[in-house]
Amino acid sequence: MNIEIQCCGLVLMIIILVMNILSGKGRLVLYTSKLFVTVLTVSIVAICFDITSMVALYYINDIPEWVTALACKAYIICLTYEATSALIYSMYDCFAYKTYRKFAYILLGIDAAVSVIIAFIPIYFNVTDPSHAFTEGPAVLMTYGACLAVLFTTLLLLIRYRKRMNAQRHSAVLLWMLSWVVAAGIQFFNNRVLLVGFATALGMTILFSVLENPIAGIDRVTGVFNLPMLHDYMSQEFKRGKRFSLISISLSSQAGLIESDQELRESLIRYFKEIAHELVFRNTRSGVVLAFKYGKQDIPSIVSRIKSDFMSDWKYGPRGEKTHLLTPTFLIMEDSDVLGSASAIFEYSNYAFNTSPDTAGTVISLDENKINEADEFEKTKKEIVSAMKEDRVVVFYQPIWSIEENRFVSAEALVRIRKKDGNILPPGVFIPVAEATGHILELGQIVFEKVCGFIKKNDPRKIGINYIEVNLSVKQCEQRELSAMYRGIIKGYDIDPSYINLEITESSSIDIRQNVIDNMNDLIRFGLNFSLDDFGKGNSNLDYIIDMPVAIVKFDRQMVQAYFSSNNKAKHVMSSIVKMVHDMNLRIVAEGVETKEELDELKAMEVEYIQGFYFSKPIPEDEFLSFVKENSK
């Protein structure tokens, strides 16, 4: 008997089944995994009947003929079910769940009808050589025809719906089907070579190793499910129309601690499993994602409980002798219906985390408002990119008045984006997006080049404008090559470097402070000057004035307007800062000045320069030139 190959295939598939059962015990079992186990089980039954039929053919003279016929027909009927189950598994990604179920029942119905026909039409036995006996006749031909039809249907699905299918499933099933077709073709033309059973075992091995191994969905460090498994779980629930809720917990600020302390990790995982049972997934922020069936849990209450538990030091270790203060942030999605796919959830979650403050206890809701906000963010990002490509980035200029000289002596260059319809996109809309996406680097360079081109073309000193102030973003300040790049641009336009005054903001982090100072000193030696912009806004720090080699300090509009409010403390603070800045031999620009009364009072305080709507809003370069000429007479 030539059953060695079949026996090898059988042993291989039984090992895969046992491994699947043992490794998947107590784990999240996806619908596709159940389909795989179904195909594997049918394939094991089929190969068992294959071996049984070969034994029956070998001993055909010693047993009743009907027993041999029963064994052989059971095998070929199992072959049709094996092919059909493979098709049902393969087409899972191709259709909506209801449509998929409908097609699956239709295929099983057709298979049942084919099986009945095969059961009642003749099958013949060729036992000329008992060691290489085989079957033939109408039943065998119908089986080959039915299996080949199913196989080619599967291949057509793989080609037609390639983009819809999981890429790994597509590749694994394609290899399986091709090996099956080759094995069936060889066996059809050479009955002595029985390869179909082993080709099936080979296909199961490929699927298990590439896609259906339960261990592949487990994070090796924490022992919970990984992100690909979360994606598969959410995709499955969306496909089946089942709503769910998520709580994503970020512990990124303690990433190093959690990665290095196994006892801490294990205590956290036990805690989160008590809350979400087995539906705990590791995220990319040294935290976890907890999944719940929609409506089964009160999500806000769970978040409140977790926040409360983390308010004090986290205790762990055999006797709770170790402690650490952990500071999680939360993102909650109470209803998956707000989004339509797993990919969308990942995309919007990343946006929500990246654009929200990373402070302890922060709770971000992934709801319709956040989604609309993210959509506007993406829309603005596309507008920025297209504007840079299509030269729709424009520079407006806001004149700056010298109290001492009683005229306009400089201007601030302010970036604007002109939309395709001609309207101006407000800077408050696109600047935060450009900073978040990194496009601020290219945008800043475009503005700097346009300012240099404006100076080269118009020589503003002819109308009394001594220099132009150009903003530097925090990300630009972080660039080590900033100085070399800007020096190269200035040389390329062949303009006097003293025409440029670069504005830096207080938000430059301490971590890159030295890098900023090195760039500043290099550019100062080249001939540029610097201003400290937005002083009095956000995290004001006198270290900036002390450390940074600036010549001018620009008081932010909020600080100026606070001075003119009824807040006496603000008046005292600003008055003291004016004196301090002057004592350091630095000059002051007051931004946001809107009335004559404000101008007069700032003049009395000996503030050197005034910028604000009292004189002019930011205006296009042609209007700016005309405005300065008219007001210099």
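Numbering starts at 1 and runs along the sequence shown.
There is no side-chain donor-acceptor pair under 3.5 Å between Y294 and E237. Side-chain contact check for Q558 and D534: no donor-acceptor pair (N or O, by modelled atom type) lies under 3.5 Å.
We find that K450 and D391 are joined by a salt bridge, their nearest charged nitrogen and carboxylate oxygen being less than 4.0 Å apart. For D600 and K603, the salt-bridge test fails: no basic side-chain N is under 4.0 Å from an acidic carboxylate O.
Residues T595 and F564 fail the side-chain proximity criterion, which asks for heavy atoms closer than 4.5 Å. Taking 4.5 Å as the limit, some side-chain heavy atom of I588 sits within range of a side-chain heavy atom of E608. The shortest side-chain heavy-atom distance between S531 and E469 falls under the 4.5 Å cut-off. Within the 4.5 Å cutoff, the side chain of F624 has no heavy atoms near those of the N458 side chain. Here the side chains of F292 and I275 are in contact, with some heavy-atom distance below 4.5 Å. Counting heavy atoms from C-beta outward, F613 and S616 have side chains that stay 4.5 Å or more apart. Looking only at side-chain heavy atoms (C-beta outward), N521 and P549 come within less than 4.5 Å of each other. For the pair L366/S349, a side-chain contact is recorded, criterion being any heavy-atom separation below 4.5 Å from C-beta on.
Once rounded to the nearest 0.5 Å, the distance linking CG of L251 with CH2 of W314 reads 9.5 Å. Note that CG of L599 and CD1 of I610 are 5.5 Å apart. Values are rounded to the nearest 0.5 Å. Note that CD1 of I455 is 5.5 Å distant from CD1 of I468, once rounded to the nearest 0.5 Å. Put simply, CG on L339 and CZ on F346 are 12.0 Å apart, with the number rounded to the nearest 0.5 Å. Note that CD of E630 is 11.0 Å distant from CD1 of I463, once rounded to the nearest 0.5 Å. Between I400 atom CD1 and N466 atom CG the span is 11.0 Å, to the nearest 0.5 Å.
Looking at D522, its side chain never comes within 3.5 Å of a backbone N or O of D518 through a donor-acceptor pair. A donor-acceptor pair under 3.5 Å links the side-chain atoms of Q476 to the main chain of S473, judged by distance alone. No donor-acceptor pair closer than 3.5 Å links the side chain of D337 to the backbone N or O of R243. Using modelled atom types, no side-chain atom of N471 and backbone atom of L414 make a donor-acceptor pair closer than 3.5 Å. S267 contributes a side-chain N or O that, together with a main-chain N or O of L264, makes up a donor-acceptor pair within less than 3.5 Å. At distances below 3.5 Å, at least one donor-acceptor pair connects side-chain atoms of S304 with backbone N or O atoms of P300. A distance-only check finds no donor-acceptor pair linking the side chain of D459 to the backbone of K462 [under 3.5 Å]. Panel note: side chain Q561, backbone R557; no donor-acceptor pair is recorded below 3.5 Å. Looking only at distances, a side-chain donor or acceptor of R407 sits under 3.5 Å from a matching main-chain atom of G464.
What you find for I500 and F448 is that their closest heavy atoms are CG2-CE1, 3.8 Å. The shortest heavy-atom contact between K617 and Q398 is CA-NE2, 4.0 Å. Considering all non-hydrogen atoms of both residues, L425 and F430 come closest at O-CE2, 3.3 Å. V415 approaches P427 most closely through the heavy-atom pair O-CB, 4.3 Å. In terms of heavy-atom proximity, R265 sits nearest to S260 at NH1-N, 4.2 Å. Considering all non-hydrogen atoms of both residues, Y397 and A411 come closest at CB-CB, 4.4 Å.
Judged by a 6.0 Å distance limit and a 45° cone about the ring axis, R587 is not positioned over the six-membered ring of Y609.
Ring to ring, F225 and Y233 are not that close: their centroids are 6.0 angstrom or more apart.
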Set out, in order, the CA-CA distance, both residues' side-chain angles and the distance that settles side chain to side chain donor-acceptor pair (under 3.5 Å) for D367 and N369, then state yes or no.
CA-CA 5 Å; D367 51 21; N369 290 334; 4.6 Å; no
Kindly indicate, with the supporting measurements, whether the criterion side-chain contact (heavy atoms from CB on, under 4.5 Å) is fulfilled by F244 and L279.
CA-CA 11 Å; F244 56 91; L279 292 180; over 6 Å; no
I would like to know whether V338 and M333 meet side-chain contact (heavy atoms from CB on, under 4.5 Å); could you show each step before the answer?
CA-CA 8 Å; V338 298; M333 183 186 71; 4.2 Å; yes
Take L523 and R487 through the test side-chain contact (heavy atoms from CB on, under 4.5 Å) and record every step on the way to the result.
CA-CA 7 Å; L523 288 169; R487 283 187 283 111; 3.8 Å; yes
Run the salt bridge (charged side-chain N to carboxylate O under 4.0 Å, His left out) check on D375 and K379 step by step: do they pass?
CA-CA 6 Å; D375 289 339; K379 180 181 176 182; over 6 Å; no
Could you walk me through whether V470 and N501 satisfy the side-chain contact (heavy atoms from CB on, under 4.5 Å) test, starting with their C-alpha distance in whole Å, then the side-chain angles of each, then the deciding distance to 0.1 Å, before giving a yes or no?
CA-CA 6 Å; V470 184; N501 185 300; over 6 Å; no
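For the pairing with E383, the salt bridge (Lys or Arg N to Asp or Glu O under 4.0 Å) check across K389, K420, K419, R392 returns one residue only, R392. Applying the side-chain hydrogen bond (donor to acceptor under 3.5 Å, both in side chains) test between Y351 and each of E373, E378, K370 identifies E373 as the sole match.
In R461, the CZ atom is crowded: over 12 heavy atoms of neighbouring residues, nucleotides or ligands sit closer than 6.0 Å. Shown here is E405, whose CD atom has more than 12 heavy atoms of other residues, nucleotides or ligands within 6.0 Å. Within a 6.0 Å radius of CD in E404, other residues, nucleotides and ligands contribute 12 heavy atoms or fewer.
Residues passing the side-chain hydrogen bond (donor to acceptor under 3.5 Å, both in side chains) test with Y467, sequence neighbours excluded: none.
The aromatic rings of W401 and F408 sit perpendicular, their planes meeting at an angle over 60°, well past the 30° parallel limit.
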